[in-house]
Visitor: 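Sending over a structure as structure tokens; questions will come in a sec.
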Amino acid sequence: MKRAPGIFLGLLLASLPALGSELEARLALADADRGRLLFGPCRTCHYPEAFMGHNTGPNLSGIFGKVAGKQAGFEFYSEGFKAAEFVWTPQLMYAWLENPMAMFPDSRMMSLGVPDAQSRADLIAFLLEATDRDARR
């Protein structure tokens, strides 16, 4: 039986304090260069550099702080993302990357997720670094 995204998202939001502590510890050990390498397959659909624009997935530069499913110029969000009303944080991205289809079963993202917790933290460190690099340009 599929879970409604709202129920899963509610449970996820309730667990954010614990996720935040875990992610904080992992980010202290994170390697953004390793995250860059791990991001390689993600480039099939996403770009982390603002100047590249959208691909078949939305651009991920500055993703943290943006409302999910609402990036201007990207029109291919699933219905679940179009209806989403949350702001991307590193904690939510950490949970999303573990199992994207659990969070939004109707997602068009073609990923089985990143089961390794440190790899997820490395990816987030890379996205944070890429966003910072774009902001300095």
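What you are looking at is a predicted structure, and each value in this text was computed from that prediction instead of being measured.
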Visitor: Can you name the ring pair (Phe, Tyr, Trp, His ring centres under 6.0 Å) partners of F76, sequence neighbours left out?
Guide: F74
Visitor: Check side-chain hydrogen bond (donor to acceptor under 3.5 Å, both in side chains) between E79 and all other residues, then give those that pass, not counting sequence neighbours.
Guide: K82
Visitor: Give me each pair satisfying ring-ring contact (aromatic ring centres under 6.0 Å, His included) with a member in residues 27-50, each pair once, sequence neighbours excluded.
Guide: F39-F126
Visitor: What's the spacing between L23 CG and L92 CG if we round to 0.5 Å?
Guide: 10.5 Å
Visitor: So which atom in L29 and which in D122 form the shortest heavy-atom distance, rounded to 0.1 Å?
Guide: O-OD1, 4.5 Å
Visitor: Say you draw a straight line from CG of D106 to OG of S78; how long is it, rounded to the nearest 0.5 Å?
Guide: 3.5 Å
Visitor: Distance from L97 atom CG to L127 atom CG, nearest 0.5 Å?
Guide: 8.0 Å
Visitor: Is the closest side-chain heavy-atom distance between L123 and V114 below 4.5 Å?
Guide: yes
Visitor: Residues two or more places apart in sequence or in another chain: which of them pass side-chain hydrogen bond (donor to acceptor under 3.5 Å, both in side chains) with D31?
Guide: none
Visitor: For the pair T44 (side chain) and P41 (backbone), establish whether a donor and an acceptor sit closer than 3.5 Å, ignoring hydrogens and angles.
Guide: yes
Visitor: If you measure from NZ on K70 to OH on Y77, what distance do you get to the nearest 0.5 Å?
Guide: 9.0 Å
Visitor: Do the non-hydrogen side-chain atoms of L27 and I124 ever get within less than 4.5 Å of each other?
Guide: yes
Visitor: Search all heavy atoms of A30 against all heavy atoms of A121 and return the closest pair with its distance.
Guide: CB-O, 3.9 Å
Visitor: Which pairs with one or both residues in residues 58-69 pass side chain to side chain donor-acceptor pair (under 3.5 Å), sequence neighbours excluded?
Guide: S61-D134
Visitor: With sequence neighbours excluded, tell me which residues meet side chain to side chain contact (heavy atoms under 4.5 Å, CB included) with A68.
Guide: F81, A84, F86, W88
Visitor: Can you see which heavy atom on A117 is nearest to which on Y94, and at what distance?
Guide: CB-OH, 3.1 Å
Visitor: Which residues pass the side chain to side chain contact (heavy atoms under 4.5 Å, CB included) test with A83, not counting sequence neighbours?
Guide: none
Visitor: Run the side-chain hydrogen bond (donor to acceptor under 3.5 Å, both in side chains) test against T56 and tell me which residues pass, sequence neighbours left out.
Guide: none
Visitor: Identify, with sequence neighbours excluded, every residue that meets salt bridge (Lys or Arg N to Asp or Glu O under 4.0 Å) alongside R108.
Guide: none
Visitor: Please list, chain by chain and in numerical order, all residues satisfying side chain to side chain contact (heavy atoms under 4.5 Å, CB included) with M101, sequence neighbours excluded.
Guide: N99, S107
Visitor: Going by the rule salt bridge (Lys or Arg N to Asp or Glu O under 4.0 Å), which residues pair with R36 if we only count those two or more places apart in sequence or in a different chain?
Guide: none
Visitor: Could you measure the distance from the CZ atom of R43 to the CE atom of M52? Nearest 0.5 Å is fine.
Guide: 6.5 Å
Visitor: So, for E98 and R120, which heavy atoms are closest and what is the spacing to 0.1 Å?
Guide: N-CD, 3.3 Å
Visitor: Under a single-linkage rule joining Ile, Leu, Val, Met, Phe, Trp and Tyr whose side-chain heavy atoms are separated by less than 4.5 Å, which residues share a cluster with V87?
Guide: V67
Visitor: Return the CG to CG distance between N55 and L60, rounded to the nearest 0.5 Å.
Guide: 10.0 Å
Visitor: Grab the two heavy atoms, one from S111 and one from P100, that are nearest each other, plus how far apart they are.
Guide: O-CG, 4.0 Å
